Structures are given as C-alpha cells and as structure tokens.
Student: 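Handing you this structure, nothing more for now.
We're numbering straight along the sequence, starting at 1. The analysis underlying the following values was restricted to heavy atoms, covering all of them including side chains, and did not include hydrogens, waters or symmetry mates. Counting starts at 1 for both ligands and their atoms, following the listed order. Predicted model, so just to flag it, every value in this text is computed and none were measured.
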Amino acid sequence: MAETAQQLDLGWLLLSPGEGRRLDLDVEIEPLLLAGQRYAPAGPVAARLDISRTTGGYSLRLRSRVPLEGPCMRCLEPAERMVAVDGREVDQPGGGEDLSSPYLDGDELDLHAWARDALALALPAQIVCRDECRGLCPQCGENLNEAAPEHGHEAEPDPRWAALRELRLE
Ligand SMILES: [Zn+2]
Ligand SMILES: [Zn+2]
C-alpha cells in the first residue's frame with residue numbers, strides 16, 4: 001500500500017523558478033462534520049498536485065475526486081457522493097496577504113489541511129442517497145422511500161380548538 005502524504009517538503013524537488021512538477025499522491029482526508037454527522041471517504045484518496053516554482057515562492061494546484069460517505073441528509077440512510085476538488089494556492093513571500101498560503105511554511109506544504117479545506121469548499125449543498133430521495137415523514141419519522149405511496153396522517157386538530165373544548169367543559 002502506498003504511503004499517504006500529509007506533510008510534504010517541496011524543497012527536495014529542487015525546482016528552479018519557472019520549473020514545475022506533477023505529483024500523484026494518496027491523501028488522507030479527515031472527516032467533515034456537517035449538521036452533527038460525519039462525512040468522509042472510506043480511505044485515502046488519489047490526488048494530483050501540480051507544483052510551479054516562482055521566484056522565491058510557489059504556485060500550486062490540487063485536484064482530486066473524493067467519494068464522500070455519510071448519512072443522507074434527508075433519510076439518514078448511507079449515501080455516497082463524488083465530490084470534485086480543485087484548489088489553487090499561491091505563496092509568494094513578501095507579496096502580501098493575498099499571495100500568502102496558510103498551507104505553506106517555506107517549502108513545507110500541509111497537504112492534509114489543504115485537502116480537507118478544499119473538500120469543504122467543494123461540497124454540494126446537500127449530500128443525499130439519490131436526487132429523488134423523499135426523506136423522512138415529518139410526523140412519524142418513517143422513511144418515505146420505503147413507505148406506501150399513500151403514507152400520510154390525519155390532520156391534527158388545531159390545539160386552540162382543543163383548549164376551547166376544555167373551557168366549555170368547565
Ligand atoms: Zn436519502
Ligand atoms: Zn408518517
């Protein structure tokens with residue numbers, strides 16, 4: 001099994017300004033917590049890192065397709081969604097805040113943190129088991145994907161009427 005890359009020393013690539021290198025790596029991605037639920041790939045994911053050396057800095061691009069697993073946000077059954085990640089970072093010492101990457105410290109790249117943040121930015125609005133998932137019945141919690149098509153409930157009597165009835169009984 002290939003070793004997963006977490007911290008990467010870009011210095012050993014010995015790139016001169018204008019030179020670049022492409023690395024294919026396996027990256028471990030920490031679970032993301034969304035609405036109290038954990039979403040994570042089942043194991044390390046393949047990622048492609050493009051590194052360009054600039055004068056004194058780096059320009060980086062990280063691409064991956066992450067099979068994210070976790071409970072469906074509508075019915076809570078297991079769901080899997082492929083999330084395309086495409087992140088870019090530029091780090092140019094002395095170039096100001098816009099040109100400073102939080103994931104680079106000199107030649108030292110925190111791939112682990114970058115991959116997690118890039119995934120969080122690429123998340124779809126909802127992670128569902130299928131687009132047409134019908135979710136849970138708001139009244140009894142039954143999974144409506146499995147419930148009979150006529151599943152429903154009698155309308156609850158308005159609680160204000162119940163209070164009125166009690167008043168009349170007194
Ligand atoms: Zn679902
Ligand atoms: Zn119901």
Student: Rounded to the nearest 10 degrees, what's the angle SG of C133 makes with SG of C75 at the Zn ion (ligand 1)? Could you check?
Tutor: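 Computed angle, vertex at the Zn ion (ligand 1), rounded to 10 degrees: 110°.
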Student: Rounded to the nearest 0.5 Å, what separation is found between the CZ atom of R21 and the CG atom of L15?
Tutor: 6.0 Å
Student: Can you tell me, to 10 degrees, how wide the angle at the Zn ion (ligand 2) is between NE2 on H151 and NE2 on H153?
Tutor: 110°
Student: Could you please compute the angle at the Zn ion (ligand 1) from SG of C129 to SG of C72, rounded to 10°?
Tutor: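 Approximately 110° at the metal, rounded to tens of degrees.
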Student: Any side-chain donor-acceptor pair under 3.5 Å between H112 and E30?
Tutor: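 E30 and H112 do have a side-chain donor-acceptor pair below 3.5 Å.
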Student: How wide is the angle at the Zn ion (ligand 2) spanned by C137 SG and C140 SG, rounded to 10 degrees?
Tutor: 110°
Student: What distance separates R22 CZ from S52 OG, expressed to the nearest 0.5 Å?
Tutor: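 R22 atom CZ to S52 atom OG measures 10.0 Å (nearest 0.5 Å).
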Student: How far apart are the closest heavy atoms of V128 and R81, and which atoms are they?
Tutor: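 Distance-wise, the nearest heavy atoms are O-NE, 3.6 Å.
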